[in-house]
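Reckoned from all heavy atoms, side chains included, excluding hydrogens, waters and symmetry mates. Treat the numbers as computed from the prediction; the structure is a model and nothing was measured.
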Amino acid sequence: NINANWGYDGPSGLNPDGFSVRWTGRYTFIDGNYTFFGNTDDGMRVWVDGAPLVESWQIQSNTNIQAYRAMIPGEHELRVEYFEGGGWANAYFAWGPSAAEGPTSCTAGSYLAEYFPNRTLSGTPVLRRCESWVGQNWGYESPAPGIDPDVFSVRWTGKVLAKYTETY
């Protein structure tokens with residue numbers, strides 16, 4: 001993934017405002033639906049195998065982006081472009097299997113955890129999994145590969161057996 005946070009600086013040797021970056025790489029995917037997500041301050045656009053996927057090419061502050069695409073097995077080219085208009089500079093971009101491939105319910109005593117690539121629990125989660133408790137401490141780390149450790153939210157859903165004679 002791409003995880004560049006320059007703050008009020010820029011890449012070494014470049015002016016902190018008005019620069020641009022292009023990342024290009026080839027990555028192997030397995031068959032399935034994928035969620036592509038990120039966060040940008042300012043513009044970002046993304047192509048998969050030369051076809052546009054994300055177009056968010058404007059001056060903006062910390063904007064979440066998200067797109068979906070079915071991928072066939074094999075190697076694919078990803079190209080991400082970013083421009084810095086002024087002020088704060090960051091670009092984050094990653095991908096992972098769409099949540100549709102994760103569980104939709106969990107056994108008694110565990111919680112369905114749905115991870116979102118934003119702070120608002122909105123859109124489609126990028127990861128679903130069953131967890132035995134709520135109260136994780138990731139420190140400075142990410143809860144899973146492909147999730148920005150600084151920009152995510154999680155919703156836990158589960159059932160508990162409460163004794164009606166006790167106060168909760």
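- Aromatic ring orientation, Tyr27 versus Trp95: perpendicular (interplanar angle above 60°, classes split at 30° and 60°).
- A salt bridge is absent between Arg79 and Glu77; no separation between the charged side-chain nitrogens and carboxylate oxygens falls under 4.0 Å.
- Side-chain atoms of Phe19 and Phe83, non-hydrogen and from C-beta on, never get closer than 4.5 Å to each other.
- For Tyr111, the side chain to side chain contact (heavy atoms under 4.5 Å, CB included) test picks out Val134, Trp156, Val160, with sequence neighbours left out.
- For Glu141, there are no salt bridge (charged side-chain N to carboxylate O under 4.0 Å, His left out) partners, not counting sequence neighbours.
- Two residues are said to be in side-chain contact when any heavy atoms from C-beta on lie closer than 4.5 Å; Asp49 and His76 meet this criterion.
- Ile2 is connected to Tyr82 through a chain of hydrophobic side-chain contacts under 4.5 Å among Ile, Leu, Val, Met, Phe, Trp and Tyr, so both are in one cluster.
- By the salt bridge (charged side-chain N to carboxylate O under 4.0 Å, His left out) test, Glu131 is found to be paired with Arg129, residues two or more places apart in sequence or in another chain being considered.
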For this session: Please test Gln58 against Ser56 for side-chain contact (heavy atoms from CB on, under 4.5 Å), starting from the C-alpha separation and ending with a verdict.
Result: CA-CA 6 Å; Gln58 68 254 359; Ser56 188; 3.7 Å; yes
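- Glu75 contributes atom CD, which lies 4.5 Å from atom CZ of Arg26 (distance to the nearest 0.5 angstrom).
- A heavy-atom distance below 4.5 Å is found between the side chains of Met44 and Val80.
- Atoms OG and NZ, on Ser105 and Lys159 in that order, are 9.0 Å from each other to the nearest 0.5 Å.
- Within a 6.0 Å radius of CZ in Arg22, other residues, nucleotides and ligands contribute 12 heavy atoms or fewer.
- Taking OG1 from Thr120 and CZ from Phe152, the interatomic distance works out to 13.5 Å, rounded to the nearest 0.5 Å.
- Aromatic ring centres of Phe29 and Tyr34 lie closer together than 6.0 Å.
- Here the straight-line distance linking atom CD of Glu81 with atom CH2 of Trp23 works out to 10.0 Å at 0.5 Å rounding.
- The salt bridge (charged side-chain N to carboxylate O under 4.0 Å, His left out) search around Arg119 returns none, not counting sequence neighbours.
- Screening Leu121, Val154, Val151, Leu127 for a side chain to side chain contact (heavy atoms under 4.5 Å, CB included) involving Phe116 leaves a single residue, Leu121.
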Determine all donor-acceptor pairs shorter than 3.5 Å in which one atom belongs to a side chain in residues 63-74; sequence neighbours excluded.
unit_1	atom_1	unit_2	atom_2	d
Thr63	OG1	Gln60	OE1	3.4
Thr63	OG1	Ser61	O	3.1
Asn64	OD1	Asn39	ND2	2.9
Gln66	NE2	Tyr68	OH	2.1
Gln66	NE2	Thr124	O	3.2
Tyr68	OH	Thr124	N	3.4
Tyr68	OH	Thr124	OG1	3.1

Just distance, no hydrogens or angles: give the donor-acceptor pairs under 3.5 Å from side chains in residues 5-15, sequence neighbours left out.
unit_1	atom_1	unit_2	atom_2	d
Asn5	OD1	Gly7	N	3.1
Asn15	OD1	Asp17	N	3.0

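- Just one residue in the list Asn62, Thr40, Asp148 forms a side chain to side chain contact (heavy atoms under 4.5 Å, CB included) with Asn90, and that residue is Asn62.
- Under the 4.5 Å side-chain heavy-atom criterion for Ile, Leu, Val, Met, Phe, Trp and Tyr, Ile30 and Phe36 are members of the same hydrophobic cluster.
- By the 30° and 60° cut-offs, the orientation of the rings of Tyr92 relative to Phe37 is tilted.
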